[in-house]
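Before any comments, here is the structure.
Count residues from 1 along the sequence.
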Amino acid sequence: MSDSASLHNQGELTSTIHLNPASSHSQSEELPSSIDHLSPEERDVLSALPEGSAMLIALSGPAKGSRYLLNIGSTLIGRDSKSDILLDDITVSRKHAQIEHAIGSMYVLKDLGSLNGTYLNGEATQGSTLSQGDIIQLGKFKLTFFVKGGSQ
């Protein structure tokens with residue numbers, strides 16, 4: 001039996017799924033609709049955040065309604081059970097991306113060599129500073145970034 005057939009019989013084959021960017025809309029088109037679609041409860045949660053704190057809210061996709069507080073220096077996002085934000089789907093790499101919180105309200109998104117890429121407002125990115133209302137796509141998950149106060 002060939003090595004390939006042997007691996008197939010053991011169920012160890014994996015594949016890569018390539019996804020299109022999140023959207024062709026610009027950030028300015030997405031931001032008002034993101035804020036408009038927040039529930040009163042989500043608005044209350046965001047207003048209660050300490051100055052400079054941030055949150056990701058899934059406004060669409062498989063995790064719709066999920067909220068993720070970014071309250072530590074570095075937040076690992078991926079499919080690995082040890083991730084700070086666990087997105088359990090094959091379209092997400094085990095260690096997909098990371099958000100680092102710098103001084104004040106500055107947050108930086110970094111791709112960690114994911115197979116399907118990390119998208120910010122519909123464009124692939126290796127690393128970008130996040131701003132209020134940015135839409136992050138990791139696999140089939142879309143998360144909207146909100147920060148309390150600051151210049152972002």
Review point. Say you draw a straight line from CZ of Arg67 to OG1 of Thr144; how long is it, rounded to the nearest 0.5 Å?
Key: 13.5 Å
Revision key, fill the gap. By side chain to side chain contact (heavy atoms under 4.5 Å, CB included), Ala97 pairs with (sequence neighbours left out) Leu109, Thr118, Leu138
Exercise for review: Tell me yes or no: between the side chains of Ser74 and Glu100, is some donor less than 3.5 Å from an acceptor?
Suggested key: no
Point to revise | Shared hydrophobic cluster for Val45 and Leu59 (ILVMFWY, side-chain gaps under 4.5 Å) | key: yes
Practice item. Would you name the heavy atoms of Phe145 and Ala54 that are closest together and state the gap between them? Key: CE1-CB, 3.5 Å
Point to revise | Interatomic distance, Leu143 atom CG to Lys64 atom NZ [nearest 0.5 angstrom] | key: 13.5 Å
Check your understanding: If you round to the nearest 0.5 Å, how far is OG1 of Thr75 from CG of Leu56?
Key -> 8.0 Å
Check your understanding: Honestly curious: do Leu38 and Leu69 fall in one hydrophobic cluster under the side-chain, below-4.5 Å linking rule?
Key -> yes
Exercise for review: Please name the pair of heavy atoms, one in His101 and one in Met106, separated by the smallest distance, quoted to 0.1 Å.
Suggested key: CD2-O, 3.4 Å
Exercise for review: Check Lys140 against Thr91 and note the closest heavy-atom contact, atom names and distance.
Suggested key: N-OG1, 3.2 Å
Practice item. Look up atom OH in Tyr68 and atom CG in Leu87, then write down how far apart they are to the nearest 0.5 Å. Key: 5.5 Å
Practice item. Would you give the length of the straight line joining atom CD of Glu42 to atom CE of Met55, rounded to the nearest 0.5 angstrom? Key: 9.5 Å
Review point. Checking Asp84 side chain against Leu76 main chain: does a donor-acceptor pair fall under 3.5 Å?
Key: yes
Point to revise | Polar side-chain atom of Asp80 near backbone of Lys95 as donor-acceptor pair, under 3.5 Å | key: no
Review point. Are Ile57 and Leu49 connected in the hydrophobic side-chain network, where two residues link if heavy atoms are under 4.5 Å apart?
Key: yes
Practice item. Identify, with sequence neighbours excluded, every residue that meets side-chain hydrogen bond (donor to acceptor under 3.5 Å, both in side chains) alongside Ser114. Key: His96, Asp111
Point to revise | Ser128 side-chain N/O to Thr125 backbone N/O, donor-acceptor pair under 3.5 Å | key: no
Check your understanding: What is the distance from atom CD1 of Ile77 to atom CD1 of Ile136, rounded to the nearest 0.5 Å?
Key -> 6.0 Å
**Study point:** Under 3.5 Å donor-acceptor, Gln137 side chain and Gly139 backbone
**Key:** yes
Review point. For the residue pair Gly52 and Tyr107, what are the closest heavy atoms and their distance?
Key: O-OH, 2.7 Å
Review point. Can you tell me if Glu123 uses its side chain to pair, donor with acceptor, with the backbone of Leu120 under 3.5 Å?
Key: no
